[in-house]
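Here's the structure we're looking at; comments come further down.
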Amino acid sequence: MNIGIVCYPTFGGSGVVATELGKALAEKGHNIHFITYKMPFRLDTVLANVYYHEVRISDYDLFDYAPYELSLTNKMVDVALHENLDVIHVHYAIPHASAAYTAKQILAESGKSLPYITTLHGTDITLIGKDPSYKEVITFAMNQSDKITAVSESLRKDTLMHFVVKKDIDVIPNFICSENYPETQNERLRSMYAPNGEKIIMHISNFRKVKRVEDVLKIYLIIRKEINSKLILVGDGPERHKIEEMCRQEGCEDDVICLGKLTETISILSAADLFILPSETESFGLAALEAFASGVPVISTNTGGLPEVNIHGETGFLSDVGDVDDMAKNALTILKDEETLKEFKERARKHSRKFDIDKILPLYEKLYEEVLGR
Ligand code: GMT
């Protein structure tokens with residue numbers, strides 16, 4: 001099949017899922033055409049059957065904001081015609097679903113059919129999508145999609161609660177490529193960041209408010225009273241400055257290592273003992289799944305789709321949003337002795353295999369076949 005994939009190229013779960021899905025489909029022989037405004041960060045090597053089409057935005061003095069959606073739609077039409085796309089798969093509804101709808105209408109004028117699938121990822125529904133300035137268009141574009149998927153049962157329910165959707169929403173969970181994750185810990189990185197055998201606590205995110213990175217630090221401050229440990233923060237975003245300031249105020253700046261953005265997180269994850277994800281809302285929590293794949297248990301909130309990913313008492317623990325005391329208590333339960341930690345690590349790695357790409361890819365392929373009436 002010739003498949004168009006539209007996503008955000010930035011550091012974020014939806015772009016990661018779209019890129020890894022495209023790469024896996026290409027390996028199976030499909031031709032994959034990524035359409036976005038910048039090279040997706042996980043697509044930085046030459047791969048067979050993978051093509052990247054950059055959306056160029058023409059600016060003009062009259063525009064306060066250049067109309068990205070128009071340029072994107074135009075590029076979708078162009079790629080569909082010249083690469084003979086069979087189907088287009090958009091990740092994150094805003095503004096990709098409405099752009100796909102318009103592209104479909106334009107192509108129909110020249111007799112070309114282009115079904116589109118919309119995959120909902122989270123904040124496109126739970127935060128920004130609900131905003132009255134987008135809601136009507138999102139509802140329309142979802143309903144016009146040939147198929148809608150959501151990355152968790154929780155997101156499916158949220159969508160039905162906040163929008164009038166007349167179509168079925170298929171749940172296809174996020175995935176990892178297990179073969180990319182080493183079976184053993186990265187001792188080189190461990191001794192670099194924790195030279196005295198300290199435990200390594202980790203958080204990876206885009207440091208937006210919804211991630212509650214402040215809670216990560218609060219939890220760590222409790223943990224470090226009892227366990228010799230380091231905190232590694234990976235990522236960057238609006239909250240980073242505040243967190244660094246807090247570290248200085250608390251006098252723990254020597255034990256908190258802020259690495260900034262990393263294009264590849266598998267190596268650093270395999271140096272960790274425990275991952276903390278205290279998000280306000282999380283439709284799935286791909287970061288938690290990636291931690292499990294590296295054999296790292298997760299302390300998370302019980303919001304959104306997290307209970308579908310993190311199994312309480314097995315792969316980690318779930319707590320109410322903001323309950324840092326409970327999260328710290330749970331962290332200490334896991335870290336209290338080597339045997340317990342080892343058991344959590346083993347269960348985490350094993351659990352991640354349920355979300356291997358080999359199990360998820362056929363679900364998407366089936367969806368493509370269905371919209372093409374095959
Ligand atoms: O907010 C983010 O973490 C980024 C966002 C995105 O769309 O890039 O992530 C959402 O999609 C991910 C992939 O499906 C999910 O794993 C995240 O849980 C979801 N984020 C939220 O719901 C806050």
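None of the values given here were measured: they were computed from a predicted structure. Computed over heavy atoms, backbone and side chain alike; hydrogens, waters and symmetry mates excluded. One-based numbering, in listed order, for ligands and for the atoms of each.
In summary, the side chains of T123 and Y92 do present a donor paired with an acceptor at a separation below 3.5 Å, with no hydrogens or angles considered. Side-chain contact, H162 with D158: no donor N or O sits under 3.5 Å from an acceptor N or O. Between the side chains of E54 and T36, no donor-acceptor pair is found at a separation under 3.5 Å. The closest side-chain donor-acceptor pair between H89 and T119 falls under 3.5 angstrom. Donor-acceptor pairing under 3.5 Å is recorded for the side chains of N302 and D320. Judged by distance alone, the side chains of D170 and T149 never bring a donor and an acceptor atom under 3.5 Å apart. When only modelled atom types and interatomic distance are considered, H121 and H91 share a side-chain donor-acceptor pair under 3.5 Å.
Within ligand 1, counting atoms from 1 as listed, the ones closer than 4.0 Å to a heavy atom of Y92 are 7 (O). Ligand-side atoms of ligand 1 in range of G285: 15 (C), 16 (O), 17 (C), 18 (O), range being under 4.0 angstrom from any heavy atom. Of all the atoms in ligand 1, the ones that sit under 4.0 Å from a non-hydrogen atom of V151 are 14 (O). Interface of T123 with ligand 1, defined as ligand atoms under 4.0 Å from a residue heavy atom, comprises 23 (C). Interface atoms of ligand 1 facing L286, defined by a heavy-atom separation under 4.0 Å, are 16 (O).
The shortest contact between atom 11 (O) of ligand 1 and any protein heavy atom is with H121 O, 3.3 Å. For atom 18 (O) of ligand 1, the nearest protein heavy atom (residue, atom name, distance) is E282 OE2, 2.6 Å. The closest protein non-hydrogen atom to atom 23 (C) of ligand 1 is T281 O, 3.3 Å. The protein atom (non-hydrogen) at minimum distance from atom 3 (O) of ligand 1 is K211 NZ, 2.7 Å. Here the heavy atom of the protein found nearest to atom 7 (O) of ligand 1 is S14 OG, 3.0 Å. Residue, atom and distance of the protein heavy atom nearest to atom 9 (O) of ligand 1 are G13 N, 4.0 Å. Looking only at heavy atoms of the protein, atom 2 (C) of ligand 1 is closest to R208 NH2, 2.9 Å.
Between atom 15 (C) of ligand 1 and the options G304, G235, S283, A93, the minimum heavy-atom separation is to S283.
Classification of the F355-F284 ring pair by plane angle, with boundaries at 30° and 60°, yields perpendicular.
When heavy-atom distances to ligand 1 are checked against a 4.0 Å cut-off, N206 comes that close only through its side chain, counted from C-beta outward. With a 4.0 Å heavy-atom cut-off, ligand 1 is reached by no atom of T126.
Note: Y220 and H203 fail the aromatic proximity criterion, with ring centroids not under 6.0 Å apart.
Residue F284 places at least one N or O, backbone or side chain, under 3.5 Å from an N or O of ligand 1.
The side-chain tip of K359 does not point at the ring of F175 from less than 6.0 angstrom away and within 45° of straight on.
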